[in-house]
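Below: one structure, written as structure tokens.
What's counted below: heavy atoms across the whole structure, side chains too, no hydrogens, waters or symmetry copies. Counting starts at 1 for both ligands and their atoms, following the listed order. Because the structure is predicted, anything quoted here is derived from the model rather than measured.
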Amino acid sequence: MTARVLDGKAVARQIFDDIRRAVAARVSVGKTRPKLATVLVGDDPASVQYVELKQKNAKQVGIDSEDHRLPALTTTEELLSLVRRLSADETVSAILVQQPAPRQIDMARVVQALDPVKDVDGFHPINAGLVALGLPGGVEPCTPAGIIELLDRAGVQIEGANAVVVGRSNLVGKPTALLLLKRNATVTVCHTRTRDLASHTRDADILVAAAGKANLISKEMIKSGASVVDVSTNWVDGRQVGDLGPGVDEVAGWLTPNPGGVGPMTRAMLIKNTYEAEVRRRP
Ligand code: GUN
């Protein structure tokens with residue numbers, strides 16, 4: 001079997017087109033244009049690249065943006081002061097603080113200082129709580145929402161499927177498990193302390209690999225025909241790879257490329273969440 005491609009780039013392009021039309025329609029009737037503020041602390045090359053792509057995507061769809069860069073030695077108090085200012089700024093619809101931040105930053109405090117309506121990542125406890133409870137009004141985090149959208153657009157059935165998520169981060173693993181559960185998958189969450197990882201992954205109709213460890217999942221650990229989503233961004237010899245070993249495409253039914261799978265979907269959902277944040281603020 002050669003897996004069919006879960007083409008994040010192509011699906012993201014469709015979502016950008018939809019949002020571009022929605023923004024233009026909104027502005028044409030005299031309503032406000034959404035504005036995204038990104039905040040980057042330090043100069044990690046991968047994070048710089050991600051923020052620049054997010055800025056570029058905003059521009060492409062007619063969303064205004066601000067690009068805040070703070071030095072690597074910024075304190076939590078200094079970052080809090082910027083986040084509070086942006087939260088109070090009437091012209092800003094959505095705020096994204098790029099993660100990971102340098103070690104001295106207390107991200108839990110920073111996230112809680114965000115106005116939940118402008119929390120475009122869905123990381124504020126109010127948004128995370130609403131999503132966890134399955135209540136309306138919360139913001140779904142971008143990567144998990146992008147994964148679900150990608151599976152939906154390919155016609156992969158989530159309801160009733162055995163879904164295995166490898167990784168339990170607050171950024172990806174945990175919220176992805178919650179969104180799959182909301183869609184009535186039978187969800188297993190595996191992590192670094194899981195015994196016999198292969199016994200779980202081999203049962204997965206949907207496998208989400210978000211462990212951040214290159215070659216963690218070999219083709220022998222994949223169920224034939226499974227839908228496999230390779231989320232992680234690992235750098236090996238300067239090359240971006242996910243968590244999958246070679247040959248997974250020979251066994252899987254659907255597979256995300258990496259790069260070009262989940263990354264573009266994360267940015268598409270960020271742009272969608274930015275638009276929706278403005279609509280919620282100013283209907
Ligand atoms: N770092 C990697 N992915 C993300 C994301 O979706 N949001 C933020 N803020 N940081 C990230």
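- For ligand 1, the polar-atom distance check against Leu171 finds no nitrogen or oxygen pair separated by under 3.5 Å.
- Between Pro34 and Asp64, every side-chain heavy-atom pair lies at or beyond the 4.5 Å cut-off.
- Ranking protein heavy atoms by distance to atom 1 (N) of ligand 1, first place goes to Gln99 O, 2.8 Å.
- Proximity of Val208 to Val231: side-chain heavy atoms (C-beta onward) are separated by under 4.5 Å at one or more points.
- Close contacts of ligand 1 with Thr266, meaning ligand atoms under 4.0 Å from a residue heavy atom, involve 6 (O).
- Screening residues 244-256 for side chain to side chain donor-acceptor pair (under 3.5 Å) gives Lys219-Glu250 as the qualifying pairs, with residues at least two apart or on separate chains.
- At least one N or O atom of Gln98, backbone or side chain, sits closer than 3.5 Å to an N or O atom of ligand 1.
- Between Leu53 and Arg267, some side-chain heavy-atom pair lies under the 4.5 Å cut-off.
- Of all the heavy atoms of Leu270, none lies under 4.0 Å from any atom of ligand 1, so neither backbone nor side chain is involved.
- Interface of Leu96 with ligand 1, defined as ligand atoms under 4.0 Å from a residue heavy atom, comprises 9 (N).
- At a threshold of 4.5 Å between non-hydrogen side-chain atoms, the residues Pro100 and Asp44 do not count as touching.
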Determine all donor-acceptor pairs shorter than 3.5 Å in which one atom belongs to a side chain in residues 157-166; sequence neighbours excluded.
unit_1, atom_1, unit_2, atom_2, d
Gln157, NE2, Glu159, O, 3.2
Asn162, ND2, Asp203, O, 3.4

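- Which parts of ligand 1 touch Asp121 is read off a 4.0 Å heavy-atom cut-off, strictly below it: atoms 5 (C), 6 (O), 7 (N), 8 (C), 9 (N).
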